[in-house]
Student: 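If you scroll down you'll find the structure; I have some questions about it.
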Amino acid sequence: MKSSTSTFYCLLFFILSGISTNVLAQVPKFGKIEDAELTMKVYDKDTTAAAVILSDYGNTHFIYSSSTGFQLVFERQTRVKILKKSGYEWADIEVPYYQQNSRKEKVANIKGYTYNLVDGKQVKEKLETKAVFDEQMNENWSQKKFTMPNVKEGSVIEYSYIIYSDFLYNMREWEFQTTIPVAWSEYHARIPEYFNYKLLQQGYLPFHTSEKQASQDKFNVSYSGETTGAGFNMTRQPGGTNQVDTRSDAYIWIMKDVPALREEKYITTLSDYQAKLEFELQLVKYPGQAPKVMTGNWEDVTRDLLQSEKFGTQLNRNSFFKNEVAAIVAKYKTPEEQMAAIHGLVKKTVKWDGKNSIYAITPIRKVYDSKTGNAAEINLLMTSMLLEAGLDAAPVLVSTRSHGRVHKGSPMLSKFNYVISHVRIGENEYLLDATDPLLPAGSIPVRCLNGEGRLIKKNDQRWVALTSTSPFRKVFSSNMTINSNGDMTGSGMESAGGYEALSLRRRILEEGEDKYAEKLAKEVGDFKVGKPAIQNLHEIDAPLNITYDITATGNGQQNSVLYLNPMLGRGEKENPFKLEERVYPVDFGAPIDETYVGRFIVPDGYEMEEAPKSVVMALPENGGRFTYMVQKDGNTIQVMSKISINKPMFYAPEYADLKEFYNQIVAKHAEQIVLKKIAGK
C-alpha cells in the first residue's frame, strides 16, 4: 500500500511569524500614553466633538494548525479621548463574533486601560477580566461587551483584542469613519496567494495611503510518512516538514483627520455613507488542486431559495386558503382587482409583528391561523395566494433603508433583511407589501425604497427598482376675509395623498380623532384652528381631506397699514440642509409635491402696497421646480406656492443647487404682503 504525500503538501501549510509589513506610522505602545493626550481639552479639527478616536490600528493575517486548518487572525488596538460627558458611551465596547452551529470565532487577549490626570500625574486603571461578558444578538452573532473603568471628562481609554476565525469568508471589514472624528485609522492585511478576496470600498473620502506590495513568505509544509512495498519488502519513510516559499499580497490602508458622520435629513442609514472596506472571498486555490469558487451565483442562490423549506416551498402551501382565493377570483374579473383584493385580505387577516426577515421562521399555514407573522411570512403568504389566483407573482429580496444598500456584484443573502411581492400583469409590474394595513396595493413602505431588490423567480432572475410613483403629496387651500383691524376669518382644507396621506392617517388613527383634533385646534402663533372635519380616513385609495375654520387677530395693527403673512404659518421655515458641503447623496425616497393656495379678501378702501415678487425657479435636469405667484383681482389677493421634487436622489455635485433651492423657498415664504389704507377712504 502506498499513501501519497502530495495531498499533504497541498493542504498542510503553517504560516510563519513573518507577517509584519513596513508600517507608515508607529503603532502607539500599548499601556503608555503622552501627557498631551490627557491635557487635550478640545479636538482642534472638530471643536464640537464629544470624543475623538486618536488612533485605530487593525491587522489581518492567516495562520494554520493541524486541528483547524487555515484561520484568520484579526488584531485591533484603539485609543479614544473622551472630551465631554456625552462621549462616555465610547467607553462601552462591543466586539461582535460569528458562530455557526457548534463552531464559533474566538475573541482572546482582551486588554484595556483608562488614563486620567490626577494632581498633574498620570493614573491608569486596568480593565478587569471579570468586567467582560458575552451577549447573544441572534442565531449567528454574539458579542463580547465591556465598559472601561473610571471614565471621566478628559480620560483617554485604550483597548485591544484578537479574533481567531475559521470562517475564511468572514474577513473583518474595517471602518475608517464613525460618528465621532478619527485622527488616524490604519489597516493592514496580508493575504496568501491561495485566497482571492474581492475588495469593496465604500464612502466618499480619499485614502491618505493605499499600498499593495508583493511579498515572498516562508511556509512550513507538513507531510505524512510513506509506505512502499509489501510483506518482507515493505519499507516506510518517516514524515517531516519542508519549507516552501510562496507569494502573499501585503496591503496598507490609512486615513487621517477623518470627519465624523453627521445625521442629516434625507438619508438611508449612516452606514451607507461610511468610509470602510469590506472583503468577499471569491476563490480558493491550493497548489495541485483545481480552483474552488466561493461566491456562488444568483442562479444557484435562486434555486436554493426556491427549494428552501423557509422560503420557496412555502409558496406551494396553498390548500388552506383555496376557498378564499376562489371566492376572490369569482367576484373580481380583472387581474388588477384580484391582486388588490388578495392584498387586502392578507392585510386584514395577518398582523405584522414588527420583525424583518427573508425567511419564514413559522410556516405560512400557522401564520395564517395565528394571524401574526414577520415580513417574510406575511408577504410569502400573499405571494402564494397571488399564484393560486393564477397571477404572475414572485417574492423580491429587499434591504430596508435602515439596513443599508446592497452590493449587486455577487449574491450575499446577509445583505438582505426583508421580502416583498412582485406581480406582472401584461406590460405592467407592481410591488406589494401586506405588512401595513394603511398601504394601498401597488405601493411599498418608505422603509423599502432603497435602491433595487432581487427578484427570486425561476425563469426571470433580475434586479427590480424599489421605487414608487406615489409621491409625498400635500395640498393646502384657504379662503380668508381680512377686516380693517387686521383680524381674519375663514376656512382651510388640507388634502394629503401618497406617502403623506399614509403618514397622516397613521397619526390620526394612533392618536384618535378627538386627540388629533384637540392638537390641531390649539392656537399656533397668530392663527387658531377650529375643530376639523376628516374625510376618507379609512378609504386608503382616496386622498385624506381635513377641513377646519381659521381665525387670527390683528394684534393691534394700525388701521392704516396691515401686514399679512400669506402662507398662514405653513411655509418652509428653515432649510433642511445645514452642511456647507455634503459628500453623500440626498435621498428623499420618493418625489415630493406640495401645493399651497391662499385666497384673501381685502377690506374696502385698502390697496396692496407691497407684495412678494412672483418667481419660478428650477433645479438642473428637471430635478425640481418652485413656483410662487401673487395676483390681485379687485379686492381679492391670491397666493400660490408649489414645490415639486421630481426625483428621489440628488448626488453630492447637485447639493449646492438643492441647498440654494431651499434657501430661496424659505426666504420667499417669509415675505409679507403690506396693505395700506387709501387716503380719503
Side-chain angles (χ1 to χ4, degrees), residues 473-496 520-530 532 545-576 592-619 624-645 660-681:
R473 179 178 291 112
K474 182 166 56 177
V475 177
F476 176 82
S477 61
S478 66
N479 286 281
M480 306 296 296
T481 299
I482 307 172
N483 299 323
S484 59
N485 61 0
D487 292 348
M488 285 192 294
T489 58
S491 63
M493 186 189 80
E494 298 179 32
S495 181
L520 192 62
K522 288 183 177 178
E523 189 172 0
V524 181
D526 296 331
F527 305 99
K528 192 172 183 179
V529 175
N545 297 327
I546 304 174
T547 58
Y548 41 75
D549 294 331
I550 302 174
T551 59
T553 60
N555 290 328
Q557 293 192 52
Q558 296 180 4
N559 291 346
S560 59
V561 180
L562 301 177
Y563 296 92
L564 168 65
N565 178 351
M567 296 300 296
L568 297 179
R570 286 163 175 79
E572 293 283 347
K573 296 178 177 60
E574 64 177 0
N575 194 329
I592 295 173
D593 188 352
E594 297 181 358
T595 303
Y596 171 93
V597 177
R599 182 173 175 270
F600 302 91
I601 298 177
V602 178
D604 292 337
Y606 281 79
E607 63 180 355
M608 187 168 64
E609 183 178 59
E610 294 182 22
K613 291 182 179 180
S614 297
V615 65
V616 177
M617 181 170 56
L619 286 168
R625 188 178 182 89
F626 171 54
T627 303
Y628 188 93
M629 298 180 64
V630 179
Q631 294 179 330
K632 187 174 185 299
D633 183 11
N635 68 338
T636 300
I637 299 174
Q638 184 162 297
V639 177
M640 191 273 287
S641 170
K642 185 174 180 60
I643 302 170
S644 299
I645 300 295
E660 180 57 26
F661 182 77
Y662 272 89
N663 277 337
Q664 295 293 330
I665 293 173
V666 171
K668 185 58 65 175
H669 282 181
E671 293 181 9
Q672 297 190 81
I673 292 175
V674 179
L675 303 175
K676 186 176 181 180
K677 191 171 185 179
I678 302 171
K681 291 191 177 183

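On a predicted model such as this, the values are computed, not experimentally measured, just so you know.
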Student: State the CZ-CG distance between F600 and L675, to the nearest 0.5 angstrom.
Tutor: 10.0 Å

Student: Does a side-chain heavy-atom distance below 4.5 Å link P603 with I482?
Tutor: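 A side-chain contact under 4.5 Å exists here.
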
Student: Given K528, which of I550, T551, T553 fulfils the side chain to side chain contact (heavy atoms under 4.5 Å, CB included) condition?
Tutor: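 Considering I550, T551, T553, a side chain to side chain contact (heavy atoms under 4.5 Å, CB included) with K528 is found only for T551.
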
Student: Using salt bridge (Lys or Arg N to Asp or Glu O under 4.0 Å) as the criterion, list what pairs up with E671, not counting sequence neighbours.
Tutor: K668

Student: To the nearest 0.5 Å, how far apart are CD in Q638 and OG in S478?
Tutor: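 The distance works out to 9.5 Å.
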
Student: If you compare all heavy atoms of F661 against all heavy atoms of M617, which two are closest, and at what distance to 0.1 Å?
Tutor: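 The answer is O-CE, 3.5 Å.
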
Student: Does any part of the side chain of F626, heavy atoms only, come nearer than 4.5 Å to the side chain of L619, both counted from C-beta?
Tutor: no

Student: Does any pair with a residue in residues 629-644 pass salt bridge (Lys or Arg N to Asp or Glu O under 4.0 Å), and if so which ones, sequence neighbours excluded?
Tutor: D593-K642

Student: Give me the atom names and distance for the closest heavy-atom approach of L520 to E494.
Tutor: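 Answer, listing the atom of L520 first, then E494: CD1-OE2, 4.5 Å.
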
Student: Are the side chains of M488 and F527 in contact, using a 4.5 Å heavy-atom criterion?
Tutor: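 Heavy-atom side-chain distance check passes, below 4.5 Å.
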
Student: So, taking the atom named CD in E594 and the one named NZ in K474, what distance separates them when rounded to the nearest 0.5 Å?
Tutor: 4.5 Å

Student: Given S495, which partner from the list T547, N545, T595 fulfils the side chain to side chain donor-acceptor pair (under 3.5 Å) test?
Tutor: N545

Student: Where do P612 and Y628 come nearest, in terms of heavy atoms and distance?
Tutor: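 Scanning both residues, the minimum pair turns out to be CB-CE2, 3.6 Å.
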
Student: Got a second to check how far D549's CG is from T489's OG1, nearest 0.5 Å?
Tutor: 9.0 Å

Student: How far does CG of L564 sit from CD1 of I673, to the nearest 0.5 angstrom?
Tutor: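 Interatomic distance, L564 CG to I673 CD1, rounded to 0.5 Å: 5.0 Å.
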
Student: Under 3.5 Å, sequence neighbours excluded: what are the donor-acceptor pairs made by side chains of residues 566-576?
Tutor:
residue: R570; atom: NH1; partner: L568; partner atom: O; Å: 3.0
residue: R570; atom: NH2; partner: Y548; partner atom: OH; Å: 3.1
residue: K573; atom: NZ; partner: G569; partner atom: O; Å: 2.4
residue: E574; atom: OE1; partner: K578; partner atom: NZ; Å: 3.4
residue: N575; atom: OD1; partner: F577; partner atom: N; Å: 2.9
residue: N575; atom: ND2; partner: K659; partner atom: O; Å: 2.9
residue: N575; atom: ND2; partner: N663; partner atom: OD1; Å: 2.8

Student: Backbone N or O of D487 within a donor-acceptor pair of the N485 side chain at under 3.5 Å?
Tutor: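 Looks like yes, one N/O pair under 3.5 Å.
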
Student: Can you tell me how far the CD atom of Q631 sits from the OG atom of S614, to the nearest 0.5 Å?
Tutor: 7.0 Å

